[in-house]
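Worksheet: one structure, shown below.
Below, read A as the first sequence line, B as the second, and so on, with proteins coming before strands; counting in each chain starts at 1.
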Protein chains: 2
Amino acid sequence: MTLSPDTETHTDTPNAASPARGKRPKQGEPVIDRALSLLAVFSDRRRALTLSELARHADMPAPTALRLISRLVAWGALERLDDGRYVVGVRLWEVASLSPRGHGVREIALPYLEDLFEVTRHHVLLAVRDNEQAVLIERLSSKDATEVAYRVGGRAPLRSTAVGLVLLAGADQQFQEAIMAKPPEKEPGVADMPEGQLRRTLSDVRRTGIAMIRRSHPSMTVSVASPVFDAQGSVVAALSIVVPDGSTPPNVLAPAVRAAARAVSRNLGHQATVSADVRTHSRG
Amino acid sequence: MTLSPDTETHTDTPNAASPARGKRPKQGEPVIDRALSLLAVFSDRRRALTLSELARHADMPAPTALRLISRLVAWGALERLDDGRYVVGVRLWEVASLSPRGHGVREIALPYLEDLFEVTRHHVLLAVRDNEQAVLIERLSSKDATEVAYRVGGRAPLRSTAVGLVLLAGADQQFQEAIMAKPPEKEPGVADMPEGQLRRTLSDVRRTGIAMIRRSHPSMTVSVASPVFDAQGSVVAALSIVVPDGSTPPNVLAPAVRAAARAVSRNLGHQATVSADVRTHSRG
DNA sequence: ATGCGGCTTTCAATGGTTGGAATAGTATTG
DNA sequence: CAATACTATTCCAACCATTGAAAGCCGCAT
């Protein structure tokens, strides 16, 4: 990369050399997209970033990044630390807390999650689907609980987690097919199913209202998940419990998880039915 | 508003008529600011908005709003409901969950909040300061708890809430003076203190590590709050409990609240000290 | 039918946006 | 302590994304 710094302006003939490196190649992208791509640079492992890191990862010149970031900071979407690095700001968090599928379901579900948590003292999770993944909305864990793979705000694959299976089973047929057409996301500690088994599993999940996954990676655990329905009968979230493998038999956990999920569904205006595909008639 | 549509270009002399309604008066504001102002339209009472509502509240023409909103939707900052209205999206919530002062402290504090909650069965709150207000980061409440004024993601005044007093007491001197120079935010159900009493109160809070407020509005309650410190010894959050007035004596609650706040502080790397103004010497 | 309101697309004018270059500041190295 | 390498910031002329009136659509109430 050591380019000889000619004292000449020189600029070189900008044609032949590298075709992908014109004079101002990045132009053409809307400003908002660029600003959002800056936000997207932040991740679990990158919570505090310098200007140049942000510029590098978002693939834009430092001056441009600085200008955009300054506006974001002025508004409160980002905050600047004493050492000059940037972090996601409370103001953004505040607006995000108005997300119906984020804090919305959480707010409604929390009391029931707590009940389940207090009774079992194991991890209790709540997740929603966003595109092709599950997003963890809430997790209650005692200080001494077993290690668990996901954090609140993190993403998990649909095919190889209990909440994922529940959400996938509740998605529309077309989406399910699209997912199954793709190669599965590799997930450590979970054996991924062949398509036939997956189809059968999803069908079972719909029928029983329970999904179960055993995994070995961060630790040996069993997850049991159940769907949360909204007033229209759509699956809007998945509630699950994660226990050390061998502690409590899954068939003991299932009723508790399902009861909690139902309680949340009821609070969302869902009319409980005998079985998933039976709708009660008329009702104000 | 019926302006005569002259077939002439005419353009008119844009001075005399309505000075606030030039040809394109809104130009000059950076795009990002406009996009952010769209996000800012959302509030507790406005969680789902139509295009025209957004355009109206953000004070911009519908086509402009549509263009910006479309980009936000494409990224996931907003989501569009079946009825055409827009809500805050999960993707934005996901990024916001990386906010150190938002979910960051929450994540660390949650187990201790839960402990406190389980023991007392009363509201447990966690708040941080953002500019001149406290922002509620977490609230644990049993399903049958007394009514409480604030929701997670909401804002509360510094001068008239227990968490607010703790955060104010922990802010730098200059900021405190600036706040006291301003007229207090009117808060229903709380008698606001004269400046002298406020100064004394803040001093007491710093000394004792406890703030207490009695309020009558949504219901008769007593709040007891205590500061959470980071590794540098700054007050980064306030932890509080809200109980019905007359239930548990505040002096019984104080030790429990303070213990919980200390536990959280310790987890943030704070070295416990005998009194707030004593720092332990040397330490990597 | 007619009017009304909200939503969407179009398009020419233009001013906000852009990023290289230069400067200043800071940490690392010889 | 100078040299080096990196990051952060300011400046500015070229330029293209942005802008919003206008008009077309759609649904709905009159």
Check your understanding: Checking side chain to side chain contact (heavy atoms under 4.5 Å, CB included) for the pair B:R155/B:V135: CA distance, chi angles, key distance, verdict?
Key -> CA-CA 5 Å; B:R155 284 175 178 257; B:V135 176; 3.8 Å; yes
Review point. Reading nucleotides 24-30 of chain D from the 5' end, what letters show protein touch, with B for base, S for backbone sugar-phosphate only, - for no heavy atom under 4.0 Å?
Key: -------
Study note, to complete from the structure: With B for base contact, S for sugar-phosphate-only contact and - for none (protein heavy atoms under 4.0 Å), nucleotides 4-10 of chain C reads --SSSB-
Whole-Å gap separating [atom2] ([N]) and [atom1] ([X]):
X     : N      : atom1 : atom2 : answer
A:E29 : C:dG19 : CD    : C1'   : 15 Å
A:I32 : D:dC16 : CD1   : C1'   : 16 Å
B:M60 : C:dG16 : CE    : P     : 15 Å
A:D83 : D:dA8  : CG    : P     : 10 Å
A:I69 : C:dT17 : CD1   : P     : 15 Å
B:L68 : D:dA17 : CG    : P     : 15 Å

Exercise for review: Taking all non-hydrogen atoms of both residues into account, name the closest pair between B:E138 and B:L136 and its distance.
Suggested key: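 Looking at all heavy atoms of both residues, the closest pair is O-CD2, 3.1 Å.
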Review point. With under 30° as parallel and over 60° as perpendicular, where do the rings of A:F229 and A:H270 fit, or are they tilted in between?
Key: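 A:F229 and A:H270: parallel rings.
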**Study point:** A:R159: side-chain hydrogen bond (donor to acceptor under 3.5 Å, both in side chains) partners, not counting sequence neighbours
**Key:**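 If we apply the side-chain hydrogen bond (donor to acceptor under 3.5 Å, both in side chains) test to A:R159, skipping adjacent residues, there are no hits.
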Exercise for review: Apply salt bridge (Lys or Arg N to Asp or Glu O under 4.0 Å) to B:R129 and A:E79, showing your working.
Suggested key: CA-CA 13 Å; B:R129 180 167 72 82; A:E79 293 173 4; over 6 Å; no
Check your understanding: Sequence neighbours excluded, which residues qualify as side-chain contact (heavy atoms from CB on, under 4.5 Å) partners of A:D230?
Key ->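 A:D230 satisfies side-chain contact (heavy atoms from CB on, under 4.5 Å) with A:Q232, A:S234, A:V236 once adjacent residues are dropped.
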**Study point:** A:H57: side-chain contact (heavy atoms from CB on, under 4.5 Å) partners, not counting sequence neighbours
**Key:**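 side-chain contact (heavy atoms from CB on, under 4.5 Å) list for A:H57, sorted by chain: A:V41, A:R46, A:E53.
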Review point. Counting distance only, does the side-chain N/O of B:Q176 pair as donor-acceptor with the main-chain N or O of B:A169 below 3.5 Å?
Key: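 Checking the backbone N and O of B:A169 against the side chain of B:Q176, a donor-acceptor pair under 3.5 Å is found.
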Review point. Is there a donor-acceptor contact under 3.5 Å from the side chain of B:R47 to the main chain of A:P100?
Key: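 No, B:R47 side chain to A:P100 backbone: no donor-acceptor pair under 3.5 Å.
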Review point. Do A:D59 and A:R56 sit within salt-bridge range, that is, some charged N less than 4.0 Å from a carboxylate O?
Key: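 Looking at A:R56 together with A:D59, the answer is no, because their closest N to O distance does not fall below 4.0 Å.
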Contact under 4.0 Å: [X] side-chain N or O vs [N] OP1/OP2:
X     : N      : answer
A:R67 : C:dT17 : no
B:R34 : D:dG20 : yes
A:T64 : C:dT18 : no

Point to revise | Angle of first-five versus last-five pair axes in the helix from C:dA1-D:dT30 to C:dG30-D:dC1, to 10 degrees | key: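 The angle, to the nearest 10 degrees, is 40°.
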Check your understanding: Is NZ or CZ of A:R101 both nearer than 6.0 Å to the six-membered ring centre of B:W93 and within 45° of the ring axis?
Key ->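 Verdict for B:W93: no cation-pi partner in A:R101.
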